[in-house]
Every structure is written in structure tokens, then in C-alpha cells.
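In listed order, ligands and their atoms are each counted from 1. Counting from 1, the numbers follow the sequence of the chain as shown. Quick caveat, the model's predicted, so the values are computed rather than measured.
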Amino acid sequence: MVMQVPQFDGVVTPAADVAVDMLFVPVFQDDADASVAGVSGLDAATAGWIGQARASGEFRAKLYEFFIVPATSGWKARRLAFVGAGKRAEITPERLRKIAASCGYTARLRLVTSAAILIRDGFEPLAFASTVADGLSAAEFDSGVYKADQTSEGRFPEQLIVIVPGGDRAALQAAVLRGRVIGDAANQARMLANEPANVLTPREFATRVQAMGVAAGLTVDVLDDTRLRELGMGLLLGVAQGSAEPARLVVLRYEPAGPHAAKTGPVLGLVGKGVTFDTGGISIKPAEGMDRMKDDMAGGAAVAAAVCAIAKLGGPHRVIGVIPMVENMPSGTAIRPGDVLTAANGATVEITNTDAEGRLILADALWYAQQLGATHLIDVATLTGACVVALGKTASGLMGAPDAWVDTIRTVAGRAGDRVWPLPLFDEYREQLKSEIADMINAASGRGAGAITAAWFLREFVTNDRPWAHLDIAGTAWSEERKAYQPKGATGAAVRTLIDLGMTAGA
Ligand code: BES
Ligand code: MN
Ligand code: ZN
């Protein structure tokens, strides 16, 4: 079957003139006029229906609530879909993206072939158009790729148009395409994280990331176990040794070209945890919920998708993505609690819990990113259950040093629409990693703050006070329930933060 390439476009036209199957019009709870007559061109009949529906309480314009009517003759569209957008003042990029995504899913489930969405007056049209295109893209993501019935989740529209009240068409189209690249990147990351671990082994993960990187024009380096041994990556290889599947480490390099390319300035090092399945190893996890551990490479997928997107968007800064890939299995060759491993930087680590594997592979990867010249680091990882206890599934944990870099990441994440919240790295927490026999243990037991001690472990591998931040996405990478804007499964957490960081270096 030939895949239909969806068309994204932006137009500066009165909404009534756009000929589509379904035209989405966001309605705010606090729109002054209950009929939304403020929407330019809304005819008396349609305004009457909306007014009635709102007065009776049938349509309250609550988030993700839809009210769909056949369009009257004044409209070129076939149907008007009013979508609840909550309160006008409460619109954030994240919320707008989710509203657009819910429109996309509504169109998809109703087999709409062409859809348009109107950006209401009073917002920055280009930023909004980009976010809306990003959100609409989310509905293209397929969570049921292994189902026999490929039509059960509808069909993504062939044409999607963003309508803005005024401005420059070319700039609008560019903004829509930017949003499309970002939404696509999030979908790629989600797709990889949803893949079962029997399909997405470390080698397969490396192959797919390599293909993505080559398609995006990146320099890709796939390091196999021989090379990893030469580099002395004892922590990465230690985690991998319990599995029949060999480890890989993928490096993606983006060098900007053209007049805007910064040849000096920061080299961003993006590092992502790529555990294709985490059984816990000899410190094995309980059976309940273990199936979810196929997404323990969501951080690595986010890094891969983001570096590719940065290249497609022509980012001005040099970026290095480093993704260590392993499977954490128990076996006769697996590492044991009590074993001592030697990291690539020479540090020795006493393994107190083989389930604290993420920090081990990230430690060697962080070291390598620095070897390759990264001046500013961020790592993304489904690292600790403790982070889920602290922040639930609503926000990712943010840790790092110095504070200025952490603040930068916090700002970037906020505007990119990823929820993050800082946790402190007070010196006292470092004590919990002391070992009798080696330089440190890998897992502190007892005294709490598990997300923080994991971050402290990583920090030990960052040299010369290089700016480094760590995003623990254990709670945010996976949605346990289906939402109006996203099916159950991988969410694409941190992808947008990494893309924004690559495009701006935080400025
Ligand atoms: N991949 C897990 C963390 C995780 C838990 C992600 C739940 C998503 C949901 C990680 O490798 C892990 O097992 N961490 C341990 C660390 C402990 C042994 C110190 C944990 O959080 O229990
Ligand atoms: Mn683990
Ligand atoms: Zn893990």
C-alpha cells in the first residue's frame, strides 16, 4: 500500500472561504458572546445554534469538548466543529498543542479527509500556527501497528490547514512546517518507545536511529561491543553482559552549515537512556507492570528524534547525540549485586542493585559525549521510580548544575510545552553513594531521595563543572490511560525541549 503523504498548510483567508470536510473553531469558556459571533464570518444561523447550545449547557467549551454542526450555505466547509479551549487567559503552548491534537484525533476517528483549524484573534499567529501544526501531527501517531484491523483507529486526514486572521502567508507556511517537523519528531520517538523489546533490540534500535540520522543528513557512528571494549566502557558493557543481545552506542552529529552556522559557541551534548528492556537484571523486578519496561529507551528515542529534527530545522549550533543501547537481563552471565565495574573514566562502581542500570550506561555515555567535545550537556532518562513518587506522571524531574544551566532548561521546557520541576542536588545526598570497596555504589538504599541520588551518580561523570542537566522522565514518558489528545502509551516527553534547546541553546 502506498502511504498518503499528509499535506500541512497555512492560509490567511476568512474561515468561511476554506473548503474542507471539517473546520475546527476553538471556543473559550469566557468568550464574551455565547454564540462566538466574534469569529469573523460566523453567520446568524450557526451563531444561533452555538448560542443555544451554550445557554443550555450542552456545550460548555470545556477543554477537548466538541460541538459539531453541519455548515450553513455561507461556508465552504462541510461541517463546523467547535472545540472547547478552556479559559482564554489559561492558554499555554502545551494546552494549545493538546487542543489541536484532540482536533486531529476527532478528524481521524471520523474519517475526515480534509480539516482546517482556525486560530482565534488575539494570539501571536506564527507561534500559534507552529504549535497547532505540531499538535495536529500527534494524531498521525499509530499506537496499534500490530493490530490486524488497521482501520479501528480511523484515518489521518490527507489535508490539514491552519487558518490565521492576518499576516504573511510565506511566514505562516514556514511556521506550519516547523510545527510539523516537531510533531513528526515526537511521533518518531513515541513509535520507537512503543515498539516491543523483541522487535526493538539494541541492534535494531541502533539500525533505526542510524537510518533516521542518515535521512536527516547527520553523521552517524554506531559503536559495537568491540569498540566499546576498546573505549573501556565497563559500565555499559556490564549492564549488557546478561543479555544475549550485544550493546550498541549510537552517536549522531549535527554540524550547521551556511552563513548562520556558529563555528564557535556551545556544542550541545544530548544523551538519552536506551535500555530496550529493563527486567531489573538479577535484582529482578516484580511481574506486575514489567511489560511497560519496553519504554526504558524513551530518553534515547527522544534524543534521536530531536537531533534529527534540529538538523531538518537547520539549527545554528553544533549538536552531538549519544545513545547507549542495552537490554537489562538476568542470566548466567549477568552482573551480580556486589560486583565491581570500571567506568570509561576509570572510576570504580560497586553494583548494589542491578536494576539501577540506567545511570551506569549514562555515565559512560556522558563521558563519551565530553570526549567528543560537548560543552553543555543534558541527559534524558526513564531513570527512577522515585521520581514518579515525587512528581507523579505530571512533570519530569529536573536536576543538574550549575543553577544557571538548570534554570535555562527549565525555561526552555516551559516554553516547549514539557512539564519539568527541579529537585535539589545538595551535597549531603552524595553521601548516600559511598562504597566500602569502590569509588561509589550504584544504588543508594534506604534514606530516600532516589531520583536525586541517581542524578548525583551521573554528576560524578561530568568534568570541570561543565553545564549539565538531567531530566528524569520515568513518570512522563508513558501515559497509562487514553486521553482526548493521546492514546495510551509513549508520549514523546522531552522531545520538544531538546529541539528548542538545539535551536536556541537556551537563549
Ligand atoms: N527503568 C527504571 C525506572 C522506572 C521505573 C521507569 C518506573 C519508569 C517507571 C530504572 O532502571 C529502575 O529500575 N530504577 C530503580 C532504581 C533503584 C534500584 C535504585 C527504581 O527506580 O526502582
Ligand atoms: Mn532498572
Ligand atoms: Zn531502567
Atom 14 (N) of ligand 1: nearest protein contact (heavy atom, Å): L383 O, 3.3 Å
Numbering as shown, the atoms of ligand 1 that approach T382 to under 4.0 Å (heavy-atom distance): 1 (N), 2 (C), 3 (C), 6 (C)
Ionic contact status for R496 with D134, cut-off 4.0 Å: yes
E357: numbered ligand 1 atoms lying under 4.0 Å from its heavy atoms: 11 (O)
Whether K273 has an N, O or S atom under 2.8 Å from the Zn ion (ligand 3): yes
Region of K273 engaging ligand 1 - heavy atom pairs below 4.0 Å: side chain
Any V132 side-chain heavy atom under 4.5 Å of L136 side chain: yes
Interatomic spacing from CG in L252 to CG in L270 - rounded to 0.5 Å: 9.5 Å
Minimum-distance pair of heavy atoms, taken over all atoms of Y146 and E195: OH-OE1, 2.6 Å
Heavy-atom nearest neighbour of atom 22 (O) of ligand 1 within options A356, G450, G385, A477: G385
Note, R208 side chain near L200 side chain (heavy atom, < 4.5 Å): yes
Heavy atom of the protein closest to atom 2 (C) of ligand 1 (residue, atom name, distance): D278 OD2, 3.5 Å
Of all N/O/S atoms in D278, the name of the one nearest the Mn ion (ligand 2): OD2
R410 to W421, cation-pi by 6.0 Å centre distance and 45° axis angle: yes
Ligand 1 to R292 polar contact by distance, N or O atoms, under 3.5 Å: no
M293 neighbourhood, listing ligand 1 atoms whose heavy-atom distance to it stays under 4.0 Å: 1 (N), 4 (C), 5 (C), 6 (C), 7 (C), 8 (C), 9 (C)
Atom pair CZ (R318) and OG1 (T375), whose distance is rounded to the nearest 0.5 Å: 8.0 Å
Any N or O of R359 closer than 3.5 Å to N or O of ligand 1: no
Geometric N/O contact A474 with ligand 1, under 3.5 angstrom: no
Nearest atoms (heavy-atom pairs only) where R180 meets A133: N-CB, 4.0 Å
Name of the E357 atom (N/O/S only) found closest to the Zn ion (ligand 3): OE2
Test side-chain contact (heavy atoms from CB on, under 4.5 Å) applied to I409 and D418, L398, D500, the passing residue: L398
Ligand 1-proximal atoms of D296, by part, heavy-atom distance under 4.0 Å: side chain
For P487, the option from R190, E153, E481 that meets side-chain contact (heavy atoms from CB on, under 4.5 Å): R190
Protein contact to atom 12 (C) of ligand 1 [nearest heavy atom, distance to 0.1 Å]: D355 O, 3.2 Å
Nitrogen or oxygen of K285 less than 3.5 angstrom from that of ligand 1: yes
Ligand 1 atoms in contact with N353 (distance to a heavy atom under 4.0 Å): 18 (C)
Element-labelled atoms of ligand 1 that are located less than 4.0 Å from some non-hydrogen atom of A443: 19 (C)
D149 atom CG: more than 12 heavy-atom contacts under 6.0 Å: yes
Y485/Y64 aromatic ring centres below 6.0 Å: yes
D278, N/O/S atom nearest the Zn ion (ligand 3): OD2
Considering only N, O or S atoms of D296, the one closest to the Zn ion (ligand 3): OD2
Side-chain ion pair, K62 and E90, N-O less than 4.0 Å: no
Angle subtended at the Mn ion (ligand 2) by D355 O and E357 OE1, rounded to 10 degrees: 70°
